[in-house]
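The structure under discussion appears below in the form of structure tokens.
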Amino acid sequence: MALNKYLEELSAQIIKATELKKNFESSDAFEFYFFLRDYTTSMFMFQQNFYELKKILKKHNEVIETVAFADLRSKHKMQRNISRIFSNYLSSLFAHIEFTRRIDKFYKTNSDLNKKVTERKMIFLKSKFHKTIQELRNYSIHFENLKIGSEIRYVGSNEVTKSILLYKKDLLKFKFGANAKKLIQEMPEKIRLNEILDEYHYTFVEFQRFLFMKILVVDEIKTEKFICDISFHYEELVKLNIHGTNYFNVAFLRLIKYSFNKAKNDGK
């Protein structure tokens, strides 16, 4: 009897969960959720490639002064890996940029917000660092790898600077357009990738966070309803004790609520 009762309760829970899932999938919240999930997933992949790149650059800096790094085969192996990981970083970066172009349709429904976003976007896109990264990506698409060099500089008796280098003469072998070629020609003979990467990446991430939050305030009433809908859906599944089958977890809810509140208060 106890087993039969348990099976009946379990069956009722599954039926209820299936109904909740169907209702969610047919709602407006479902489409917006998937858009936000795709956005955060794209950003996650980009960030993970950055962390992997930073990890190998850190390792490079740790071994550059060692005897092992003097071995040409070991040095070439590490530089080749840096080139591979940097190419992955560039690919995920511009894949995310392509994805964010889908956001434009949201801003166009709010003229004031669209103006603010467009102004900030143009400042970013015209920056020297963005143009440099863009041309490095174009180069890496047409060549198997970026030719990487290593440099260690001693300034005075204590200060040491370690860098990954790209060489201007190698980049200029590629047939850039006139504007891109001019940009490359204005660079130093040794292009220190570490400096460009650190400056560009964190600026880009901050800009993407700005875009993400602004999506949520294009239509505040719609976003409030969205948060209510996904909160209800999550809480109902929690009551059934089968929330592990949900599309999202409580961390996603917290992210959306936090971002929405921050976006609403931005500039107030």
Side-chain angles (χ1 to χ4, degrees), residues 35-58 60-61 81-108 113-142 145-146 148 163-166 171 176-177 179-180 182-184 186-188 191-218 252 255-256 258-260 262-263 266-267:
F35 172 79
L36 295 176
R37 192 187 74 166
D38 288 347
Y39 184 96
T40 54
T41 299
S42 175
M43 196 64 188
F44 169 79
M45 293 172 66
F46 164 65
Q47 288 276 56
Q48 288 301 115
N49 280 325
F50 175 72
Y51 297 144
E52 186 179 3
L53 180 57
K54 290 292 287 184
K55 183 178 179 180
I56 196 169
L57 289 179
K58 181 181 178 182
H60 168 270
N61 289 347
N81 274 329
I82 291 172
S83 179
R84 174 185 63 80
I85 295 170
F86 184 59
S87 293
N88 289 343
Y89 171 80
L90 292 174
S91 295
S92 61
L93 165 65
F94 282 89
H96 185 74
I97 289 174
E98 286 296 322
F99 180 85
T100 57
R101 289 175 180 168
R102 293 166 53 187
I103 299 175
D104 291 344
K105 66 179 182 181
F106 291 98
Y107 300 132
K108 288 177 180 178
L113 187 59
N114 185 50
K115 182 179 178 182
K116 291 179 182 177
V117 170
T118 301
E119 288 175 351
R120 185 158 178 178
K121 184 185 293 184
M122 292 309 298
I123 291 172
F124 178 79
L125 293 178
K126 289 180 180 179
S127 71
K128 184 175 181 179
F129 281 119
H130 179 72
K131 290 181 179 295
T132 301
I133 289 289
Q134 189 173 38
E135 297 311 329
L136 289 179
R137 186 251 187 170
N138 291 339
Y139 179 92
S140 69
I141 288 175
H142 293 87
N145 65 294
L146 289 160
I148 297 291
S163 304
I164 288 294
L165 302 176
L166 298 173
L171 296 180
F176 290 105
N179 292 334
K182 184 175 183 295
L183 176 68
I184 300 296
E186 291 173 352
M187 292 180 181
I191 302 165
R192 294 179 174 86
L193 185 58
N194 308 57
E195 298 171 8
I196 295 174
L197 182 65
D198 285 339
E199 181 73 24
Y200 177 81
H201 180 82
Y202 295 109
T203 302
F204 180 81
V205 170
E206 191 279 330
F207 176 60
Q208 291 303 312
R209 286 173 179 161
F210 165 81
L211 290 180
F212 181 76
M213 288 193 293
K214 293 308 177 186
I215 295 170
L216 301 176
V217 291
V218 170
F252 179 80
L255 171 65
I256 299 303
Y258 170 80
S259 300
F260 181 49
K262 185 172 176 56
D266 185 40

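Because the structure is a prediction, the values reported are computed rather than measured. All residue numbers in this chain count up from 1 along the given sequence. The figures here come from the full heavy-atom set of this structure, side chains too, leaving out hydrogens, waters and symmetry mates.
Taking both residues in full, the closest heavy atoms of H96 and S42 are given as ND1-OG, 2.7 Å, listed atom of the first, atom of the second, then distance. Shortest non-hydrogen contact noted between T132 and L183 is N-CD2, 3.8 Å. Annotation for H130 and Y200: closest pair ND1-OH, 3.0 Å, computed over non-hydrogen atoms. Contact record, S92 with N49: OG-ND2, 3.0 Å, taken as the closest heavy-atom pair. Here the closest heavy-atom approach between residue L216 and residue F260 is recorded as O-CE1, 3.4 Å.
Evaluated for a side-chain contact (heavy atoms from CB on, under 4.5 Å) with I148, the options L166, N81, L165 yield exactly one hit, L166. With L53 as reference, I85 is the one residue of I85, L90, N88 to meet the side-chain contact (heavy atoms from CB on, under 4.5 Å) rule. Just one of F212, F44, F252 meets the ring-ring contact (aromatic ring centres under 6.0 Å, His included) condition when paired with Y39; it is F212.
Rounding to the nearest 0.5 Å gives a distance of 10.0 Å between CE of M43 and OG1 of T100. L193 CG to L136 CG: the interatomic distance, rounded to the nearest 0.5 Å, is 7.0 Å. Atom CD1 of residue I56 and atom CZ of residue F86 lie 13.0 Å apart, to the nearest 0.5 angstrom. Separating the OG1 atom in T40 from the CG atom in L255 is a distance of 7.0 Å, to the nearest 0.5 Å. K55 NZ to Q48 CD: the interatomic distance, rounded to the nearest 0.5 Å, is 11.0 Å.
N194 places no side-chain N or O within 3.5 Å of a backbone atom of S163 that could act as its donor or acceptor partner. Distance alone, capped at 3.5 Å, places no donor-acceptor pair between the S259 side chain and the I256 backbone.
Ring-centre distance between Y202 and F50: below the 6.0 Å cut-off.
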**Asked** Between L211 and Q208, does a side chain to side chain contact (heavy atoms under 4.5 Å, CB included) hold up when you go through it step by step?
**Response** CA-CA 5 Å; L211 290 180; Q208 291 303 312; 3.9 Å; yes
**Request:** Show the numbers, then the answer: is there a side chain to side chain contact (heavy atoms under 4.5 Å, CB included) between L93 and I97?
**Result:** CA-CA 6 Å; L93 165 65; I97 289 174; 4.2 Å; yes
**Request:** Step by step, work out the side chain to side chain contact (heavy atoms under 4.5 Å, CB included) result for K214 and V217.
**Result:** CA-CA 5 Å; K214 293 308 177 186; V217 291; 4.2 Å; yes
**Prompt:** Could you walk me through whether K131 and E135 pass the salt bridge (charged side-chain N to carboxylate O under 4.0 Å, His left out) check?
**Reply:** CA-CA 6 Å; K131 290 181 179 295; E135 297 311 329; over 6 Å; no
**Prompt:** Between R209 and E206, is a salt bridge (charged side-chain N to carboxylate O under 4.0 Å, His left out) present by the stated rule, with each step listed?
**Reply:** CA-CA 5 Å; R209 286 173 179 161; E206 191 279 330; over 6 Å; no
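Remark: M45 CE is loosely packed, at most 12 non-hydrogen atoms of other residues, nucleotides or ligands lying under 6.0 Å away.
A search for ring-ring contact (aromatic ring centres under 6.0 Å, His included) contacts involving H60 returns F69, not counting sequence neighbours. When the ring-ring contact (aromatic ring centres under 6.0 Å, His included) test is applied to F46, the partners found at least two apart in sequence or on another chain are Y89, H201, F204.
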